[in-house]
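Following: one structure in structure tokens, then a few remarks.
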Amino acid sequence: MKDILIKIIPVGMLETNCYIVGDPASGEGIIIDPGDEFSKIAAAIDNTKLKIKYLINTHGHHDHIGADWQVKEKYGCRILIHEEDAGMLGNPLLNLSFKKDRSEVKDLQADQLLQEGDVVSAGAIKLEVIHTPGHTPGCICLLGNGYLFTGDTLFAGAVGRTDLPGGSFEKLNNSIQTKLKPLPDTLKIYPGHGASSTIGREKRENPFM
């Protein structure tokens with residue numbers, strides 16, 4: 001993680017963690033889950049002076065995609081999401097934006113569909129896609145060098161809810177046990193909501209691990 005910038009910006013009523021991941025040496029960056037409060041996100045991006053190459057959504061719920069179109073419009077970055085959640089971007093019933101009158105996401109489309117094992121690169125940043133279905137069918141985690149963005153798959157002390165359309169506790173549990181639990185204890189996790197943690201701490205303290 002040396003020399004890689006990770007900036008956390010909590011946004012929206014649900015305090016979704018939007019992340020700016022940057023490589024100062026190359027000046028390139030990636031933004032993860034810009035869910036709301038575009039002006040707040042833009043100010044943070046502009047402060048870093050990074051060129052945002054990619055926008056990655058860990059899944060397709062409105063609180064993670066709400067500012068996608070504004071970020072794309074201003075910075076010209078490509079929107080990436082797992083292929084199984086791609087249909088959520090433009091469907092208010094699936095992304096749940098109809099509950100919040102978030103009609104601005106209705107025409108949103110992905111520029112690139114992700115699959116298990118894909119690697120998204122910007123400068124020295126390399127994020128490997130880990131498909132972790134359960135919260136949604138296309139939920140992903142993003143594995144970097146010493147850090148993991150877990151979206152709504154794994155939180156500090158908890159896991160994502162599975163009672164929304166497309167959710168499955170059985171699949172979520174399988175994702176955590178087979179794909180996240182084997183990862184190194186020292187790996188730092190950056191979840192979609194709440195505080196950061198480590199894989200080791202979650203193994204000790206999280207009842208779902």
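The structure displayed is predicted, hence computed values, not measured ones.
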Original post:
Which residues, ordered by chain and number, are linked to Leu148 in its hydrophobic cluster, where ILVMFWY side chains connect at heavy-atom gaps below 4.5 Å, directly or through other members?
Top reply: Ile130, Leu143, Leu154, Val159, Phe169, Leu172, Ile176, Leu180, Leu183, Leu187, Ile189, Ile199, Phe208, Met209

Original post:
Passes side chain to side chain contact (heavy atoms under 4.5 Å, CB included), Ile32 versus Thr58? Steps please.
Top reply: CA-CA 7 Å; Ile32 300 170; Thr58 60; 3.9 Å; yes

Are any side-chain N or O atoms of [X] and backbone N or O atoms of [Y], one a donor and one an acceptor, separated by less than 3.5 Å?
X     : Y      : value
Glu28 : Lys51  : no
Asp33 : Cys18  : no
Tyr19 : Pro191 : yes

**OP:** Test side chain to side chain contact (heavy atoms under 4.5 Å, CB included) on His64 and Asp152 and set out the steps.
**Re:** CA-CA 10 Å; His64 291 254; Asp152 283 8; 3.2 Å; yes

Let me confirm one number: the [atom1]-[atom2] distance from [X] to [Y], rounded to the nearest 0.5 Å.
X      : Y      : atom1 : atom2 : value
Ile81  : Leu89  : CD1   : CG    : 4.0 Å
His135 : Thr150 : NE2   : OG1   : 11.0 Å
Asp36  : Ile65  : CG    : CD1   : 11.5 Å
Cys77  : Ile45  : SG    : CD1   : 7.5 Å
Ile140 : Glu84  : CD1   : CD    : 11.5 Å
Ile20  : Asn47  : CD1   : CG    : 8.5 Å

Over all heavy atoms of both residues, which pair between [X] and [Y] is shortest? Give the atoms and the distance, please.
X      : Y      : value
Ile30  : Ala122 : CG1-CB, 3.8 Å
Pro137 : Gly166 : CD-O, 3.5 Å
Leu127 : Gly144 : CD2-CA, 4.0 Å
Pro34  : Val71  : CB-CG2, 3.9 Å
Asn17  : Gly194 : ND2-O, 2.9 Å
Ala158 : Glu202 : N-OE1, 4.5 Å

**OP:** List for me each residue that meets side-chain hydrogen bond (donor to acceptor under 3.5 Å, both in side chains) alongside Lys7, sequence neighbours excluded, and say none if there are none.
**Re:** none

Original post:
Can you name the residues that form a side-chain hydrogen bond (donor to acceptor under 3.5 Å, both in side chains) with Asp85, not counting sequence neighbours?
Top reply: Thr136

**OP:** Determine the sole option in Ile79, Val21, Leu142 for which the side-chain contact (heavy atoms from CB on, under 4.5 Å) test with Ile56 is passed.
**Re:** Leu142

side-chain contact (heavy atoms from CB on, under 4.5 Å) with [X]: which residues, sequence neighbours excluded?
X      : value
Ala124 : Ile4, Asp23
Asp118 : Leu114, Gln115, Val129
Arg201 : Ser197, Thr198, Arg204, Glu205
Ala195 : none

Subject >> Partner residues of His131 under the ring-ring contact (aromatic ring centres under 6.0 Å, His included) criterion, sequence neighbours left out >> reply: His82

**OP:** Please name all residues satisfying ring-ring contact (aromatic ring centres under 6.0 Å, His included) with Phe155, sequence neighbours left out, ordered by chain then number.
**Re:** His193

Original post:
Would a 4.5 Å heavy-atom cut-off, applied to side chains only, mark Trp69 and Leu55 as touching?
Top reply: no

Subject >> Leu164 vs His61 side-chain heavy atoms within contact, under 4.5 Å >> reply: yes

**OP:** Mark yes when over 12 heavy atoms from residues, nucleotides or ligands other than Lys40 sit less than 6.0 Å from its NZ; otherwise mark no.
**Re:** yes

Subject >> All salt bridge (charged side-chain N to carboxylate O under 4.0 Å, His left out) counterparts of Lys203, not counting sequence neighbours >> reply: Asp185

Original post:
Under the salt bridge (charged side-chain N to carboxylate O under 4.0 Å, His left out) rule, what pairs show up with a residue in residues 64-82, not counting sequence neighbours?
Top reply: Asp46-Lys74, Lys72-Asp111

Subject >> Selection residues 166-180 - residue pairs positive for side-chain hydrogen bond (donor to acceptor under 3.5 Å, both in side chains), sequence neighbours left out >> reply: Glu116-Lys179

**OP:** Flag yes if Val119 and Tyr147 sit in one hydrophobic cluster, no otherwise; membership is Ile, Leu, Val, Met, Phe, Trp, Tyr, and two members link when side-chain heavy atoms are under 4.5 Å apart.
**Re:** no

